[in-house]
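Have a look at the structure below, then the notes.
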2 protein chains.
Amino acid sequence: MKIELYLQQLKEQGFKITPKRKAIIELFSKKKSYLSPQEVLEKLTNNFPGISVSTVYRILEELQDAGILVKIGHEDRQLYYSLCRMPDQHHHHFICRKCRRVEEVDLCNFKEFERFISKNLDCKVENHSVQIGGLCSRCK
Amino acid sequence: MKIELYLQQLKEQGFKITPKRKAIIELFSKKKSYLSPQEVLEKLTNNFPGISVSTVYRILEELQDAGILVKIGHEDRQLYYSLCRMPDQHHHHFICRKCRRVEEVDLCNFKEFERFISKNLDCKVENHSVQIGGLCSRCK
DNA sequence: ATATAAATCGAAACCATTTCGATTTAGGAT
DNA sequence: ATCCTAAATCGAAATGGTTTCGATTTATAT
Ligand SMILES: [Mn+2]
Ligand SMILES: [Mn+2]
Ligand SMILES: [Zn+2]
Ligand SMILES: [Zn+2]
């Protein structure tokens, strides 16, 4: 997806296009791996000396709200984000434990779970989270 | 599963059976919902006034290492644990968003994911995490 | 150009979690 | 039963990622 599309997506949701937001989107779109807020801050300090930590945290959260970034669940329980390249359809992510690369997994076989659970537990299933880990084609 | 089995499991892994460890296992085995370290601390304060926070954190981690508790992934990124009632076979968990009840989901259709990913991404799949959310039979 | 709501700054607060040296305890050995 | 010792617990302080908030700046519609 081109940067312009993400910016348009931002605007459509009522956000203003600011240099820092643009820079963060650009950063993620050229890096296929997930990043922590601290890491984003470091990368931006080149072009924006004195950028505030709080700004980075806020922008990352907003970009996720806008569907541009996704949070990556990590066992250290800290925040990590990556660009989602398929914002429109439900899917999952594969994450390389070595290089942090995030790949889109355009598959969800959750229907089977839902049937199984409804039948066996008599619950109302509302959501599910799936994350796949391993080594990507480069790292394996 | 009976408490004695969990205690035996603890002992087999080289841990000593202490009153606090026992109390924490008992607490979880009568509560089917997940708990935070703070909540565990509060419940234990009745029987163990002056129990230390660090002790609770440490025991919870150890019980997880021993396969007795499982960490629950929560969007607030804080620590939550629940008793795992099927420690021996691979499975997943359903979590009620209202009452926090955790149910064992004795199903995993991950093979399909693995085939799909190996074929499309040429990756080496090593692990996956699945968590299902919704309302349990009581809460729905 | 002007207005103004949104965005950013920056420093401090927050608070869940971790650390570590001192003290106590469980459980095997004598 | 007593002793021994590694393991477990205490407790208070540090840690550090994240959030807060009032002051200042900026994007953008008019
Ligand atoms: Mn995606
Ligand atoms: Mn389980
Ligand atoms: Zn990789
Ligand atoms: Zn429930």
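Remember, it's a predicted structure, so these values are computed and weren't measured experimentally. Side-chain atoms are counted along with the backbone in the values below, which use heavy atoms only and exclude waters and symmetry mates. Each chain gets a letter, A, B and so on, in the order the sequences are listed, and its residues count up from 1.
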Notebook entry, point to check: Touch check for A:R77, heavy atoms < 4.0 angstrom, all strands: base, sugar-phosphate only, or nothing?
Noted result: sugar-phosphate

Next item on the list: Let me see the working for A:I95 and A:R101 under side chain to side chain contact (heavy atoms under 4.5 Å, CB included), right down to the final yes or no.
Entry: CA-CA 6 Å; A:I95 291 136; A:R101 176 196 277 254; over 6 Å; no

Checklist line | Rounded distance (nearest 0.5 Å) linking atom OG of A:S82 with atom CD of A:E104 | finding: 7.0 Å

Notebook entry, point to check: Is B:S36 touching bases, backbone alone, or none of the nucleic acid, heavy atoms closer than 4.0 Å?
Noted result: nothing

Notebook entry, point to check: So which nucleotide from D:dT28, D:dC10, D:dT9 ends up closest to the side chain of B:T18?
Noted result: D:dT9

Notebook entry, point to check: How close or far is atom C1' of C:dT25 from atom CD1 of B:I17, stated in whole angstroms?
Noted result: 14 Å

Item checked: Ionic contact status for A:K71 with A:E61, cut-off 4.0 Å -> yes

Notebook entry, point to check: Between D:dG17 atom C1' and A:Y57 atom OH, what is the distance in whole Å?
Noted result: 5 Å

Next item on the list: Find the distance A:E42:CD to D:dG17:P and express it as a whole number of Å.
Entry: 11 Å

Margin query: Closest approach to the side chain of B:V53, judged atom by atom: which nucleotide of C:dT17, C:dA6, C:dC9 is it?
Written below: C:dT17

Check: Please give, in whole Å, the distance from D:dT19 P to A:I59 CD1?
Finding: 15 Å

Item checked: Any A:S54 side-chain N or O less than 4.0 Å from OP1/OP2 of D:dT19 -> no

Notebook entry, point to check: Is the closest basic N to carboxylate O distance between A:E4 and A:K11 below 4.0 Å?
Noted result: no

Check: Toward the 5' end of DNA chain D, which comes first, B:F48 or A:L79, by nearest nucleotide?
Finding: B:F48

Notebook entry, point to check: Strictly by modelled atom types, are A:H92 and B:H128 linked by a side-chain donor-acceptor pair under 3.5 Å?
Noted result: no

Checklist line | Whole angstrom value for the distance that separates P of D:dT19 from CD of A:Q38 | finding: 12 Å

Next item on the list: Take the protein atom CD of B:Q78 and the nucleotide atom C1' of D:dG17, then report the distance between them rounded to whole Å.
Entry: 12 Å

Notebook entry, point to check: Separation of B:E39 atom CD from C:dA16 atom P, in whole Å?
Noted result: 11 Å

Item checked: Value in whole Å for how far the C1' atom of C:dG28 lies from NZ of B:K11 -> 11 Å

